[in-house]
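Data first, discussion second: the structure below is written as structure tokens.
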Amino acid sequence: MKVSVPKETKPGERRVALVPDVAAKLADAGFEVLVQSGAGAEANLPDDLYAEKGATIAGDAGDVLRADVIAKVAAPQGAELDALREGAILFGLLNPLIDHELVKRLAERRITSFAMEAIPRTTRAQSMDALSSQAVVGGYRATLAASRHLGKFFPMLITAAGTAAPSRVLVLGAGVAGLQAIATAKRLGAIVEAYDVRPAVKEEVESLGAKFVQIEIEQESQDGGSGQYAKELTEEQQRRQQELLAQRVAAADCVITTAAVPGRPAPKLVSEEMVRSMRPGSVVVDIAAETGGNCALTEAGSVTVKHGVTIDGTLNLPSQMPFHSSLLYANNIANLLLHMSNEGRVEPDFEDEIVAGCCITHEGRIVNDRVREAVQGPVNV
Ligand code: NAD
């Protein structure tokens, strides 16, 4: 079967769905790989590198979009979506719980679609988990952005010209992105504190050398007690959380916020009052800007200064580091594709929990229960 890699068209998207080494892996597995000329250019992956690894370079976007299997980063839009042929197999970050119009169009066009964000968070599927691989890049990048905005060193520096005290970084939300933000800030020498509503992450935070901010909030976890995912807090719990967090925010030079609840708007953790309490020149980097932001003053897609504090709401942080984010994402796609393939043919087993978890549309229907309910509303049985 032919697997194609179109050049991404979404403004600001610099990643590419397959990198040359991963294209070679698919070619070895019996696939024919077709790459649109310039697809890897923004990630510094020229056409020659793909050709050396056995891929065919296509000048025309139309040829690429008519392949059997299409590997994308962002969801196809408009003419791109119209150009896919009926029965094609699509992999991408399709955002199906939010982009209902896309899901309906994919079903109408009888496209078999796999959303890379919907890979189950299980040990077996870890190598395919694009949410995690891209969150690692986002967390790393957010810390670098925080240090760049801040007019201070992160580490303590003792020089002949004087001593600089270390900066204090507070990370809110210690999932995959948050843990990477903590690790990066520690490596840069900052004093790091972190808070998460799930007490289960305390050990992980401490193992990275950061202090865990303890706030007692009674909460049942969303997944029946395993403690893996957070639930939305009640108003009373939010009020209590904010009171206790206020002191930690006021003491921080940089606050990096990563808190999220799957399928819901980001919880508001940093109020305007808290921003006002920060020292002039302090920084908030809000990774959750994608889903509404953890800080009340975040403007999605912009860096602003409010009450003397720089608030960075840059979207799509992984795209700012396209070489490595593309490498990790390409491995996620190839591992999923190979998981459901046999001798260069995609033959998904819809009973398989990984396939069933991330397949969104197939043969004209929305096959993922959670997405179907989000798109069509609850169905009474
Ligand atoms: P996420 O992006 O959904 O959320 C980020 C963090 O925000 C989470 O740790 C969450 O607890 C926290 N949060 C939510 N509401 C909050 C609030 N009001 N205040 C403070 N913090 C709040 O999470 P994620 O990074 O995608 O990962 C979620 C969990 O899944 C983690 O435990 C992670 O280790 C686990 N995970 C498991 C696997 C696997 O087993 N294969 C893969 C990836 C992630």
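Atoms within a ligand are numbered from 1 in the order they appear, just like the ligands themselves.
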Item to complete: Please work out which of Val136, Leu179, Asp196, Val213 has its closest non-hydrogen atom nearest to atom 10 (C) of ligand 1.
Response: Asp196
Discussion item. Taking a cutoff of less than 4.0 Å between a non-hydrogen atom of the residue and any ligand atom, is Val201 in contact with ligand 1?
Written reply: no
Item to complete: State whether the shortest distance between N or O atoms of Val176 and N or O atoms of ligand 1 falls below 3.5 angstrom.
Response: yes
Discussion item. Between Arg168 (side chain only) and Asp253 (backbone N and O only), is there a donor and an acceptor less than 3.5 Å apart?
Written reply: no
Practice prompt. Before signing off on this row, confirm whether Tyr195 and ligand 1 have an N or O atom pair separated by under 3.5 Å.
Written response: no
Worksheet item: Considering only heavy atoms, which of Gly138, Ala177, Ala260 lies nearest to atom 4 (O) of ligand 1?
Response: Ala260
Discussion item. Between the side chains of Glu101 and Arg105, is the shortest nitrogen-to-carboxylate-oxygen separation below 4.0 Å, so that they form an ion pair?
Written reply: no
Worksheet, complete the sentence: At under 4.0 Å between heavy atoms, what of Ala125 touches ligand 1? The answer is neither
Discussion item. Quick one about Thr56 and Glu32 (side-chain donor to acceptor, distance below 3.5 Å, no hydrogens or angles considered), yes or no?
Written reply: no
Worksheet item: Between the side chains of Glu13 and Asn316, does any donor sit under 3.5 Å from an acceptor?
Response: yes
Item to complete: Report yes if some N/O of Gly175 lies less than 3.5 Å from some N/O of ligand 1; otherwise report no.
Response: yes
Worksheet item: Looking at Ala259, which atoms of ligand 1 are within less than 4.0 Å of one of its heavy atoms?
Response: 7 (O), 13 (N), 16 (C), 21 (N), 22 (C)
Practice prompt. Check if Ala174 has a non-hydrogen atom at a distance under 4.0 Å from any atom of ligand 1.
Written response: yes
Practice prompt. Could you point out which residue of Lys7, Arg66, Lys72 forms a salt bridge (charged side-chain N to carboxylate O under 4.0 Å, His left out) with Glu80?
Written response: Lys72
Practice prompt. Just let me know how Pro267 lines up against ligand 1, side chain, backbone, both or neither, with a heavy-atom cut-off below 4.0 Å.
Written response: side chain
Worksheet item: With atoms numbered from 1 as shown, which atoms in ligand 1 lie under 4.0 angstrom from a non-hydrogen atom of Asp129?
Response: 42 (C), 43 (C)
Response to the item:
Heavy-atom proximity to atom 5 (C) of ligand 1 ranks first, among Thr258, Thr291, Leu245, for Thr258
Worksheet entry | Option nearest atom 16 (C) of ligand 1 (shortest heavy-atom distance, choices Leu131, Ile287, Val197) | Val197
Worksheet item: Do Ser113 side-chain atoms and Leu90 backbone N/O form a donor-acceptor pair below 3.5 Å?
Response: no
Practice prompt. Please identify which atoms of ligand 1 are closer than 4.0 Å to at least one heavy atom of Gln126.
Written response: 41 (N)
Worksheet item: Does ligand 1 have a heavy atom under 4.0 Å from the side chain of Ser132, from its backbone, from both, or from neither?
Response: side chain
Worksheet entry | Salt-bridge present (Arg239, Glu235; N to O < 4.0 Å) | no
Fill in: Any N or O of Arg121 closer than 3.5 Å to N or O of ligand 1
yes
Worksheet item: Does Leu170 offer a backbone N or O that forms a donor-acceptor pair with the side chain of Glu193 under 3.5 Å?
Response: no
Discussion item. Can you tell me if Phe153 has over 12 outside heavy atoms packed within less than 6.0 Å of its CZ?
Written reply: no
Worksheet item: Taking the side chain from Asp68 and the backbone from Lys2, do they hold a donor-acceptor pair closer than 3.5 Å?
Response: yes
